[in-house]
Structure formats: C-alpha cells, structure tokens
Amino acid sequence: MNPTQSLPCTATTATLERTIEWVDTDAAGHQHNSAVLRFVEACEAKLFRDLDLPDYFPSAPRVRHELNYRAKLYFGQRVTTTVVVEEIGRTSMTFSFEVWGEEFRGGPRALAAHGSFVTAHVARGGTGATPWPAELRATITAREASGRG
C-alpha cells in the first residue's frame, strides 16, 4: 500500500463516507484517536454485509492493529474510509485501510490515517484460532477472481 495515494478499487474493497460529528472530536478540536478506529470498523462491517457474510461477526477478533495518523479531521468535515482485504490465510485475514479527510474550509483532500489490521477466526465458543469457514473463504476468493468491486 502506498499511503500517499488512494487505495486501488479491488474486488475485496469497501468504501464508506461519513461526517465528523461532535462526539468524534476531543478537547483539541479535531478527531479523537478512537474515531478513526470506529470508521475503519464500520467500513469493515459494510464490506462483510456487501459480501453477504454476516457470520464473520462476532467470530473475527483483532489480533494486530497498526494505525498511522497523518492529518487532522474536524467537526463537520466529510471523511472517506476504504478497507481492503489484502490476504486471507488459513486462520487469519489481513486488511489495509485509509481514512481521507475531504476538502474542508479551503483545505485540500488529505490522507488523515492509514494502517492495517489482522483478524483471526475463532469459532463460537472457542478460545483459539480455527480455520475460516469454507463459505467465507470461497466468497472472498470468488470475488477476488471475478474482479467485481
């Protein structure tokens, strides 16, 4: 991933637009660090709704998260979040993401944050990683192969 340009539109991508609300800001007047994580998780949820894979939740806890902040986001500013499935392994899945602040008060569109996260499949009632269900793997693989976005 090149964090200086928008992520490419790939078959395993979701994009979500939001507006920075008052609750998303902190005493410094810009986004609270947790707002970016919420935007990424909302985009991840959209991806799996679009894939018609509702059983992904709640069996995919985070096992790794990396987040790099690049620019501030302000109350009322539009934000575009993109999440991409980069790799699906036997028991884990790696994602990349970008959060862009759209033009605001005369300022240009800017990359506000980028990073990656890894989820592991933990079967309901389980305590450790288990292989992804065949349906989930087949849906993601078929979508990647077809090139549908």
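The aromatic rings of W132 and Y56 lie parallel to each other, with less than 30° between the two planes, well short of the 60° mark.
Once rounded to the nearest 0.5 Å, the distance linking CG of L136 with CZ of F48 reads 6.0 Å. The OG1 atom of T25 lies 12.5 Å from the NZ atom of K72; values are rounded to the nearest 0.5 Å. Distance check: T130 OG1 to R90 CZ gives 8.5 Å after rounding to the nearest 0.5 Å. Atom CG of D50 and atom OG1 of T139 lie 12.5 Å apart (nearest 0.5 Å). Here CG of D55 is found 5.5 Å from CZ of R124. Values are rounded to the nearest 0.5 Å. In this structure, CD in E98 is found 11.0 Å from SG in C43, a value given to the nearest 0.5 Å.
For the salt bridge (Lys or Arg N to Asp or Glu O under 4.0 Å) with R78, the qualifying choice from E17, E103, E102 is E17, the only one to do so. For the side-chain hydrogen bond (donor to acceptor under 3.5 Å, both in side chains) with D24, the qualifying choice from Q31, H32, R38 is R38, the only one to do so.
In terms of heavy atoms, A113 sits closest to L111 at O-CD1, 3.4 Å. What you find for T13 and V84 is that their closest heavy atoms are OG1-CG2, 3.6 Å. T91 and P131 get closest at one heavy-atom pair: CG2-N, 3.7 Å. When all heavy atoms are compared, the tightest approach of A120 to A129 is CB-CB, 4.4 Å. Between R49 and A42 the shortest heavy-atom distance is NH2-O, 4.4 Å.
Annotation: cation-pi pair R109/W100 present, NZ/CZ under 6.0 Å from the ring centroid and within 45° of its normal. A cation-pi geometry, defined here as NZ or CZ lying under 6.0 Å from the six-membered ring centre and within 45° of its normal, holds between R62 and F117.
In this structure, a donor-acceptor pair under 3.5 Å is present between the side chains of S96 and E86.
Salt bridge annotation for E135-R137: absent, with no cationic side-chain nitrogen under 4.0 angstrom from a carboxylate oxygen.
Between F75 and T19 the shortest side-chain heavy-atom distance does not fall below 4.5 Å. No side-chain heavy atom of T81 sits under 4.5 Å from any side-chain heavy atom of T15. A heavy-atom distance below 4.5 Å is found between the side chains of S116 and R64. For the pair V85/M93, a side-chain contact is recorded, criterion being any heavy-atom separation below 4.5 Å from C-beta on. Using a 4.5 Å heavy-atom threshold, the side chains of F104 and L73 count as separate.
Residues F57 and V40 are members of one and the same hydrophobic cluster, defined by side-chain heavy-atom contacts under 4.5 angstrom among Ile, Leu, Val, Met, Phe, Trp and Tyr. V99 and L16 fall into different hydrophobic clusters, defined by Ile, Leu, Val, Met, Phe, Trp and Tyr side-chain heavy atoms under 4.5 Å apart, directly or through other members. Grouping the Ile, Leu, Val, Met, Phe, Trp and Tyr side chains by contacts below 4.5 angstrom, directly or via other members, places V118 apart from V83. Residues F95 and V122 are members of separate hydrophobic clusters, defined by side-chain heavy-atom contacts under 4.5 angstrom among Ile, Leu, Val, Met, Phe, Trp and Tyr.
Without hydrogens or angle criteria, H121 side chain to A60 main chain gives no donor-acceptor distance under 3.5 Å. Not one N or O on the side chain of Y74 forms a donor-acceptor pair closer than 3.5 Å with the backbone of G29.
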